[in-house]
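Working notes, structure below.
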Amino acid sequence: MIRVDGRTLRCADVVTAARTGGPLGIDVSIAALRGAEHAWKLAEELSTRRVVYGRTTGVGANKDDTVASSKEHGLRLLRSHAGGSGDPMPPGQVRGMMLIRLNQLLAGRSGISPELIGALAEAVRTGALPLVHRLGAIGTGDLAPLAETALALTGEREWVAGHVPAVPVHAGDALAFMSSNAATLAEATLAAMRLDTLTRASHAIAALTYVALDGNPEAYATPVHEARPHAGQVACAAEMRRLLGMHQTPKPGRRIQDPFGLRAFPQVQGPALDAIHYLRDVLAVEINASTENPMISTVHGDAYHHAHFHTAYVSTALDQARATVHQVAELSVARLGDLVEPEFTGLRPFLAAGPAGSSGVMILEYVAHDALTELRQAALPATLGTAVVSRGIEDHASFSTQAARAATAACTSYQQVLACELVAAVRALRMRDADLVDLPVRDAFDAASEVLDESTDDRPLTDDIARAITVLDDLARI
């Protein structure tokens with residue numbers, strides 16, 4: 001059961017929701033529901049005696065237009081903003097979005113009616129999915145996707161899967177429901193958790209390559225990393241020592257110094273580990289945050305207008321994570337280059353085993369560099385632009401939505417790079433008949449060996465790469 005109370009939702013819960021293609025077990029806090037109802041009553045009362053943005057006014061540049069707080073005004077807002085376009089949003093992201101939005105509403109500062117919250121909870125619980133489009137946000141509120149979701153709850157929009165009984169839109173519900181970046185946060189969370197898995201898997205893959213290349217253990221030695229103790233770097237070096245059974249610094253390998261792909265791995269992997277850790281911390285705050293503008297405070301008995309819809313924390317954290325992961329992927333491609341070089345392996349060029357001129361795993365470098373180039377494009381910062389919209393009144397955007405999409409693309413490319421290195425490392429270890437019996441990384445070799453073809457003939461490696469991707473989750477847990 002996933003606890004939904006506006007305070008304790010975890011990034012892992014969002015992943016669970018995204019992967020659950022049907023009913024989802026949720027435990028909705030009764031106390032949180034009561035708090036949300038209190039805020040709704042307060043918002044209704046405030047609208048009778050003061051100006052409240054989006055309730056007694058228009059929105060955006062229409063903020064100075066006085067309107068009657070009514071159901072009709074709310075429906076106009078939802079209909080006008082439900083203009084999402086492009087492809088449908090992936091089902092997993094929609095499920096994550098709905099869970100996050102439900103949790104945020106249960107923080108009790110939106111002023112939304114209990115009926116609308118209850119309908120959303122029922123949709124999450126039963127696995128009902130509204131039709132939501134991918135395009136329509138720039139990091140200042142996922143207005144289009146959330147408006148489409150709200151209209152589905154009212155019965156005006158179609159459902160892709162399942163449905164819930166339609167509920168009315170009460171005065172003030174519309175803007176309060178849209179005032180969130182829940183769709184962006186869902187995609188960002190799924191990408192962050194995937195990047196976390198891939199970086200953990202990369203330790204095992206780098207360790208396999210280390211064994212195949214007879215690496216020098218001094219680069220991972222405790223005294224080295226105590227001298228410059230960045231958290232991620234120290235953690236990476238410790239993980240490599242664990243996987244390689246380095247309880248004490250062993251005798252040096254065949255080279256006094258390895259290429260950077262091995263030697264600088266902790267120094268490059270470390271920033272990625274730190275960046276992903278920070279990204280997860282940011283997202284843990286955001287998925288439990290009250291972002292509705294205005295915020296209805298039952299403690300202070302008033303409404304507060306603010307800018308919590310702006311997600312600079314999310315966009316900058318995503319940019320940093322993608323940039324650091326790209327550098328780690330560069331090292332993976334570099335190690336792949338070492339694995340096809342006889343000087344480093346003592347084997348034939350390209351790990352070939354057939355007649356003279358056999359190509360072996362030559363194509364892996366091309367595939368890996370292709371994927372790395374795509375990753376490089378995805379790693380470009382999304383935060384270096386801006387947008388001025390709504391007649392100039394909204395004059396900055398975080399582009400966290402675009403940063404999250406780029407993070408999804410980065411995951412796809414990065415796993416391709418890692419899979420190419422894994423295929424080559426396992427082949428090299430098989431050809432060398434390497435002794436891995438006493439090393440913890442033996443588990444990684446066994447897991448990969450179970451799915452990778454043992455044939456060393458020149459043949460298409462498409463299936464090998466695809467199978468290598470399937471074991472990355474297992475390698476992350478070793």
Side-chain angles (χ1 to χ4, degrees), residues 14 53-54 58-63 77-90 93-94 96-98 100-101 104 110 130-151 174-192 279 282-283 285-287 289-295 305-323 377-411:
V14 178
Y53 175 72
V59 299
N62 292 333
K63 62 184 176 59
L77 281 180
L78 290 176
R79 290 165 181 161
S80 64
H81 283 70
S85 186
D87 295 332
M89 190 175 289
Q93 184 181 351
V94 176
M97 173 193 72
M98 294 170 70
I100 291 171
R101 192 66 192 112
Q104 291 175 330
S110 68
L131 176 61
V132 177
H133 292 89
R134 181 170 172 268
L135 300 179
I138 55 175
T140 55
D142 294 329
L143 301 176
L146 288 168
E148 291 178 324
T149 302
L151 285 179
L175 180 63
F177 193 90
M178 292 188 289
S179 289
S180 163
N181 294 278
T184 295
L185 295 177
E187 183 161 19
T189 301
L190 296 176
L279 173 59
V282 167
L283 293 170
V285 171
E286 293 286 342
I287 63 178
S290 297
T291 58
E292 299 84 15
N293 177 41
M295 179 184 78
H305 299 89
H306 58 81
H308 277 344
F309 50 80
H310 198 293
T311 45
Y313 272 104
V314 177
S315 59
T316 54
L318 283 165
D319 276 4
Q320 182 183 21
R322 296 195 317 278
Q377 294 301 312
L380 294 174
T383 52
L384 294 186
T386 191
V388 179
V389 298
S390 197
R391 298 175 58 198
I393 199 69
E394 298 175 8
D395 50 6
H396 193 265
S398 73
F399 294 108
S400 60
T401 306
Q402 290 67 37
R405 290 177 191 154
T408 299
C411 291

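In this text the structure is predicted, and so the values were computed from the model without any measurement.
When atom types are taken as modelled, the side chain of Asp142 and the backbone of Ala182 share a donor-acceptor pair closer than 3.5 angstrom. Looking at Gln402, its side chain does come within 3.5 Å of a backbone N or O of Ala137 through a donor-acceptor pair. Under the 3.5 Å distance criterion, the side-chain polar atoms of Ser179 are left unmatched by any main-chain donor or acceptor of Ala176. Distance alone, capped at 3.5 Å, places no donor-acceptor pair between the Arg322 side chain and the Ala409 backbone. Judged by distance alone, with hydrogens and angles left aside, the side-chain atoms of Glu148 form a donor-acceptor pair with the main-chain N or O of His133 at under 3.5 Å. Under the 3.5 Å distance criterion, the side-chain polar atoms of Asn293 are left unmatched by any main-chain donor or acceptor of Ala307. With His306 contributing its side chain and Glu292 its backbone, the two residues share a donor-acceptor pair below 3.5 Å.
Rounded to the nearest 0.5 angstrom, Leu151 CG and Leu146 CG are separated by 11.0 Å. Taken to the nearest 0.5 Å, the OG atom of Ser315 stands 11.5 Å off from the CD atom of Gln320. Rounding to the nearest 0.5 Å gives a distance of 13.5 Å between CG of Asn181 and CD1 of Ile287. Note that the CG atom of Leu279 and the OG1 atom of Thr189 stand 8.0 Å from one another [nearest 0.5 Å]. Of the inter-residue distances, the one linking Phe309 atom CZ with Thr140 atom OG1 reads 7.0 Å to the nearest 0.5 angstrom. Once rounded to the nearest 0.5 Å, the distance linking CD1 of Ile100 with OG of Ser180 reads 8.0 Å.
A donor-acceptor pair shorter than 3.5 Å can be found between the side chains of Glu187 and Thr408. When only modelled atom types and interatomic distance are considered, Thr311 and Ser398 share a side-chain donor-acceptor pair under 3.5 Å.
In terms of heavy-atom proximity, Ala397 sits nearest to Thr386 at N-OG1, 3.5 Å. Across all non-hydrogen atoms, the minimal contact from Val314 to Glu286 is CG2-CG, 3.7 Å. Closest approach of Ala407 and Ala191 over heavy atoms only: CB-CB, 3.6 Å. Residue Leu78 comes nearest to Ala174 through the heavy atom pair CG-CB, 3.7 Å, listed as atom of the first residue, atom of the second, then distance. In terms of heavy atoms, Leu283 sits closest to Ala192 at CD1-CB, 3.8 Å. Pairing each heavy atom of Pro145 with each of Gly136, the nearest pair is CD-O, 4.2 Å.
Between Met98 and Val132 the shortest side-chain heavy-atom distance does not fall below 4.5 Å.
Dense packing is recorded around OH of Tyr53, with more than 12 heavy atoms of other residues, nucleotides or ligands lying under 6.0 Å away.
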